[in-house]
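First comes the structure, then the notes that go with it.
Counting begins at 1 with the first residue of the sequence. Whatever order the structure lists them in is the order used to number ligands and atoms, beginning at 1.
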Amino acid sequence: MTGMTLALSKGRIFDETLPLLAAAGIVPADDPENSRKLIIGTNRPDVRLVIVRATDTPTYVQYGAADIGIAGKDVLLEHGGAGLYQPLDLNIARCRLCVAVQKGFDYAAAVRPGGRIRVATKYISSAKAHFAGKGMHVDLIKLYGSMELAPLVGLADAIVDLVSSGGTLKANNLEEVEEIVPISSRLIVNQAALKLKRDLIQPMLDAFAGAVRA
Ligand code: ATP
Ligand code: MG
């Protein structure tokens with residue numbers, strides 16, 4: 001592939017990336033929300049988009065199946081970042097990775113050093129590091145979605161999940177008790193592609209950086 005392939009997930013990352021693409025002169029030919037196509041052309045014959053699951057974006061870029069991608073810091077922390085150059089925080093899809101518990105649960109008592117807590121999350125690596133830093137034993141339960149349910153049905157004492165407005169927590173009688181890390185989406189670039197296709201990639205990085213500053 002001589003052109004440039006950009007990996008994006010549909011939903012908020014795709015939506016919030018559209019203005020950045022526009023700043024780089026790139027307009028997708030289809031809307032992934034209304035199309036079942038996984039490879040989407042653009043107004044530029046040398047640029048195409050591939051639509052992937054958010055968690056898979058770093059993998060496509062790491063192996064060079066996409067030259068560039070846009071991924072949440074939450075996803076990058078779990079992936080580890082091998083083979084990826086991360087030149088730019090795009091400041092989009094902002095939220096925070098948090099610990100939340102059912103209202104009334106005594107979190108302060110539970111997190112004493114040497115204590116033990118059961119935590120449900122899809123962010124196993126970030127959760128493990130967070131509780132290890134407190135000198136606690138943590139039993140991690142891997143979930144793939146709807147983490148908010150786990151404390152309500154006794155699957156876990158706490159969850160580690162993304163929060164933006166807090167509306168979902170509130171609707172489920174949960175409260176945020178700790179922020180682990182602020183989250184936004186980053187541009188990621190395959191390290192080999194950056195060297196081999198710099199003439200294509202660098203102008204796009206510059207246009208994105210300009211749009212983020214504006
Ligand atoms: P699904 O929710 O359909 O299972 P997903 O969780 O893989 O899919 P999204 O919910 O679209 O995908 O999240 C994609 C990325 O957007 C996340 O990795 C994160 O960086 C960011 N994100 C997730 N939730 C929020 C939120 N509430 N506010 C802002 N950004 C968010
Ligand atoms: Mg989601």
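- Heavy atoms of K73 found under 4.0 angstrom from ligand 1: none, in either backbone or side chain.
- Using modelled atom types and a 3.5 Å distance limit, the side chains of E78 and S126 yield a donor-acceptor pair.
- Comparing D74, V52, D161, T55 by heavy-atom distance to atom 18 (O) of ligand 1, the nearest is D74.
- Checking only distances, Y144 never comes within under 3.5 Å of ligand 1, N or O to N or O.
- Judged by the 6.0 Å and 45° rule, K128 forms no cation-pi pair with F131.
- Applying the 6.0 Å contact sphere to CZ of R112 captures no more than 12 heavy atoms from other residues, nucleotides or ligands.
- Residue I13 has no N or O atom closer than 3.5 Å to an N or O atom of ligand 1.
- Residues meeting the salt bridge (Lys or Arg N to Asp or Glu O under 4.0 Å) test with K134, sequence neighbours left out: E178.
- Within the listing of ligand 1, atoms 20 (O) sit less than 4.0 angstrom from a heavy atom of G72.
- Between D89 and R186, at least one side-chain nitrogen of the basic residue sits less than 4.0 Å from a carboxylate oxygen of the acidic one, meeting the salt-bridge criterion.
- Within a 6.0 Å sphere centred on CZ of F208, heavy atoms belonging to other residues, nucleotides or ligands number more than 12.
- With 3.5 Å as the limit, one finds no donor-acceptor pair spanning the side chains of S184 and R94.
- Here's the thing with S9: none of its N/O atoms is less than 3.5 angstrom from an N/O atom of ligand 1.
- Counting the atoms of ligand 1 from 1 in the order shown, those under 4.0 Å from a heavy atom of A93 are 29 (C), 30 (N).
- The salt bridge (charged side-chain N to carboxylate O under 4.0 Å, His left out) pairs that include a residue from residues 143-170 number zero, where partners must be two or more places apart or lie in different chains.
- Within ligand 1, the atoms closer than 4.0 Å to a non-hydrogen atom of S164 are 26 (C), 27 (N), 28 (N), numbered from 1 in the order shown.
- Annotation for ligand 1: atoms under 4.0 Å from non-hydrogen atoms of V75 are 18 (O).
- For A54, the closest heavy-atom approach to ligand 1 falls below 4.0 Å.
- Considering backbone and side-chain atoms together, K122 places an N or O closer than 3.5 Å to an N or O of ligand 1.
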